[in-house]
Participant: 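Below is a structure I'd like to ask you about.
Worth knowing before you read on, the calculation uses all heavy atoms, side chains too, and leaves out hydrogens, waters and symmetry mates. Order of the sequence lines sets the chain letters (A, B, ...), proteins ahead of strands, with each chain counted from 1. Computed from a predicted structure; not experimentally measured.
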Amino acid sequence: MPEGHSLHRLARQVDDVFGGRRVRASSPQGRFTEGAALIDGRVLERAWAHGKHLFADIEGGRVLHIHLGLYGAVSFGGDRTFTAASSIGAPRRIGERELPGLGDRVEIGDADDDDPRPAPGSGQEKLVCGVSAARVPALVAPAPRDTVRLRLQTVHGWADLIGATACQLLTRQEADVLLARLGPDPLNDDAPDAFVDRASRTRRPIGAVLMDQSMVAGVGNIFRAESLFRAGLDPWTPAREVGEQRLTALYRDNGELMRMGVRLGRIVSTTREHRAAAPGGGRPSYYVYKRQGQACLVCRRETIVVEEMAARKLYRCMVCQH
DNA sequence: CATCCATGCAGAA
DNA sequence: TCTGCCTGGATGG
């Protein structure tokens, strides 16, 4: 269930752990044996992301390209020199979760100040295989489960990729072709212009345009639902009727939400005030996503509905979004 | 146990 | 618009 924030966290983690280091690579599952052999023993120079795509520059000029799709995830494990063991991507077993980054302090008022999970480095966090890294003096990588498409490893730790839609080695030119198909990524500080220019010329609903990775990269179903609610926009509004100013604001707000997601390791769209005053209690992270039939945090009426748009669930408040 | 479902997307129809 | 990829948690019997 990875949206752009997860891929940027993943890129950061892979870069922290493997960047500039010689890595071992293998494909226990067998579907990336050739690629793994080409990576094995080379330096992983740098890991980076654009939208929902992860890239890693490999010594010699090739580029590892990973797309997690709907099911993909990477679990990390290792000794203390690893930032924090965690799993990034689709939700997995309890204890394999995305964790806020080490040393990150949540400062913004909208951010969660009540995250129930233990802080990384506290020794309380649960790590892959149920083993706390703090208690492991030397690295002993567990045998990978047989669904692991790619295992990367150094003397300090490992990363296991499962369930990915794409895991391939590209030439630099092939990577450029792929990048050219993607729109600007708010998490890479790309200007909104390309998104605004194209969106203001199409009659397609703004809800569909936001999900189109060639229009803006990294927005998924949750960011779509939540950013449109925050903007008070009906997802079915033709994009060209939204206006350049609101399109720009929408792009920037998606950037805000995604940066928050990078810091927290999960998406929190509601303001602290709205969370605290939620009808029926609880501290919901979302305004509309998967909240159909419940009371809206803003208008407090039971006006949140779920529909389908292009074969994906679409959530909105019938009162607050026009 | 079986079945459904998902924060995604390419390719066929 | 529909199907398939590919994984595991949630749900229901």
Side-chain angles (χ1 to χ4, degrees), chain A residues 1-10 27-32 49-54 65-75 86-98 126 128-130 144-151 160-168 170 174 177-183 185-187 204-205 207-230 235 254 257-262 264-270 284-292 306-316:
Chain A
M1 319 156 127
E3 300 194 21
H5 68 301
S6 289
L7 272 297
H8 281 261
R9 285 176 62 81
L10 185 53
S27 181
Q29 177 221 40
R31 289 186 54 195
F32 189 56
H50 192 100
K52 300 169 188 170
H53 298 256
L54 171 71
H65 167 235
I66 288 170
H67 193 289
L68 296 179
L70 199 48
Y71 322 117
V74 178
S75 328
S86 61
S87 177
I88 297 179
R92 299 299 172 200
R93 295 177 298 287
I94 310 270
E96 287 191 10
R97 299 191 180 206
E98 294 188 29
K126 296 198 177 160
V128 266
C129 308
R145 59 173 61 194
D146 56 16
T147 54
V148 171
R149 178 88 56 86
L150 169 64
R151 167 171 281 195
D160 285 348
L161 169 71
I162 61 168
T165 288
C167 175
Q168 53 186 168
L170 304 177
E174 290 169 329
V177 168
L178 200 162
L179 278 175
R181 298 203 323 252
L182 298 174
D185 181 345
L187 281 180
R204 293 166 62 209
V209 167
L210 278 180
M211 293 281 279
D212 181 341
Q213 300 300 298
S214 73
M215 303 289 285
V216 50
V219 176
N221 207 9
I222 300 179
F223 288 130
R224 161 177 75 174
E226 295 298 308
S227 66
L228 287 172
F229 178 89
R230 283 159 58 112
N254 270 283
L257 288 172
M258 291 163 83
R259 279 186 286 276
M260 186 92 66
V262 168
L264 297 174
R266 63 201 183 97
I267 300 172
V268 176
S269 154
T270 50
S285 299
Y286 307 139
Y287 287 107
V288 291
Y289 180 75
K290 281 192 177 167
R291 295 196 75 247
Q292 69 273 24
V306 57
E307 304 161 286
E308 284 219 346
M309 180 185 276
R312 302 298 302 275
K313 301 282 191 192
L314 173 71
Y315 302 87
R316 67 187 174 98

Participant: From the set B/dA6, C/dT7, C/dG8, return the single nucleotide nearest to any side-chain atom of A/Arg145.
Facilitator: C/dG8
Participant: Output the rounded distance in Å from OH (A/Tyr289) to C1' (B/dT7).
Facilitator: 5 Å
Participant: Could you list the residues that satisfy ring pair (Phe, Tyr, Trp, His ring centres under 6.0 Å) with A/His67, not counting sequence neighbours?
Facilitator: A/His53
Participant: Would you measure the distance from the P atom in C/dG13 across to the matching atom in B/dC5 and give it in whole Å?
Facilitator: 13 Å
Participant: Mind checking whether A/Leu210 and A/Val216 have side chains closer than 4.5 Å, heavy atoms only?
Facilitator: yes
Participant: Grab the CG-C1' distance between A/Leu70 and C/dG9 for me, whole Å please.
Facilitator: 13 Å
Participant: Could you check A/Met258 against A/Glu3 for side-chain contact (heavy atoms from CB on, under 4.5 Å), going step by step and ending with a plain yes or no?
Facilitator: CA-CA 9 Å; A/Met258 291 163 83; A/Glu3 300 194 21; over 6 Å; no
Participant: Would you list the protein and nucleotides 1-3 of chain C atom pairs, both N or O, that sit under 3.5 Å from each other?
Facilitator:
none

Participant: Ignoring hydrogens and angles, tell me if any N or O in the side chain of A/Glu307 forms a donor-acceptor pair with the backbone of A/Tyr315 under 3.5 Å.
Facilitator: no
Participant: What nucleic acid atoms does A/Thr165 come within less than 4.0 Å of, heavy atoms only: base, sugar-phosphate, or nothing?
Facilitator: base
Participant: Have a look at A/Gln29 and say if it touches a base, only the backbone sugar-phosphate, or nothing, with a 4.0 Å heavy-atom cut-off.
Facilitator: sugar-phosphate
Participant: For A/Asp185 and A/Ala217, work out which heavy atoms get closest and say how close.
Facilitator: OD1-O, 3.7 Å
Participant: Ignoring the backbone of A/Gln213, work out which of B/dT7, B/dC9, C/dT7 is nearest its side chain.
Facilitator: B/dC9
Participant: Output yes when a side-chain donor or acceptor of A/Arg316 lies under 3.5 Å from a complementary backbone atom of A/Pro235, and no otherwise.
Facilitator: no
Participant: Using the side chain to side chain contact (heavy atoms under 4.5 Å, CB included) rule, pick out the option among A/Thr147, A/Val148, A/Leu68 that qualifies with A/Leu161.
Facilitator: A/Leu68
Participant: Between B/dT7 and C/dT11, how many Å separate the two P atoms, rounded to a whole number?
Facilitator: 15 Å
Participant: Any side-chain N or O of A/His67 below 4.0 angstrom from OP1/OP2 of B/dG8?
Facilitator: no
Participant: Looking at A/Arg312, does any N or O in its side chain come under 4.0 Å of the phosphate oxygens OP1/OP2 on B/dC9?
Facilitator: no
Participant: Grab the CG-P distance between A/Leu314 and B/dG8 for me, whole Å please.
Facilitator: 13 Å
Participant: Starting from P on C/dG9, measure out to NZ on A/Lys290 and report it in whole angstrom.
Facilitator: 14 Å
Participant: Would a distance-only check, ignoring hydrogens and angles, find a side-chain to backbone donor-acceptor pair under 3.5 Å from A/Gln213 to A/Val219?
Facilitator: yes
Participant: What distance, rounded to whole Å, do you find between the two P atoms, one in B/dA10 and one in C/dG8?
Facilitator: 23 Å
Participant: Kindly indicate whether the side chain of A/Val288, heavy atoms from C-beta on, has any atom under 4.5 Å from the side chain of A/Glu226.
Facilitator: yes
Participant: Please produce a list of atom pairs where a protein N or O lies less than 3.5 Å from an N or O of nucleotides 10-12 of chain B.
Facilitator:
unit_1, atom_1, unit_2, atom_2, d
B/dA10, OP1, A/Arg181, NH2, 3.4

Participant: Take atom CD1 of A/Ile66 and atom P of C/dC5, then tell me their distance rounded to the nearest Å.
Facilitator: 21 Å
Participant: If you check every side-chain atom of A/Lys313, which of B/dC9, B/dA6, C/dT7 has the closest atom?
Facilitator: B/dA6
Participant: Phosphate oxygens OP1/OP2 of B/dC9: is one of them under 4.0 Å from a side-chain N or O of A/Lys52?
Facilitator: yes
Participant: What nucleotide among C/dG8, B/dT7, B/dG8 has an atom nearest to a side-chain atom of A/Met211?
Facilitator: B/dG8
Participant: Judged by atom type as modelled, is there a donor-acceptor pair below 3.5 Å linking the side chain of A/Arg230 to the main-chain atoms of A/Ser269?
Facilitator: yes
Participant: Treat a base pair as Watson-Crick or G-U wobble with both distances under 3.5 Å, then lay out DNA chain C in dot-bracket form, 5' to 3', with | for cross-strand pairs.
Facilitator: |||||.||||||.
Participant: Would A/His65 and A/Glu174 count as a side-chain contact (heavy atoms from CB on, under 4.5 Å) if you check the C-alpha gap in whole Å, the side-chain angles of each, and the deciding distance to 0.1 Å?
Facilitator: CA-CA 10 Å; A/His65 167 235; A/Glu174 290 169 329; over 6 Å; no
Participant: For A/Arg181, which residues count as a salt bridge (Lys or Arg N to Asp or Glu O under 4.0 Å) partner, sequence neighbours excluded?
Facilitator: none
Participant: In chain order, what residues pass the ring pair (Phe, Tyr, Trp, His ring centres under 6.0 Å) check against A/Phe229, with sequence neighbours excluded?
Facilitator: A/Tyr287
Participant: Can you identify which nucleotide, out of C/dT7, B/dA6, B/dG8, has its nearest atom closest to the A/Asn221 side chain?
Facilitator: B/dG8
Participant: Would you mind reading off the distance between A/Arg149 atom CZ and C/dG8 atom P, rounded to a whole angstrom?
Facilitator: 12 Å
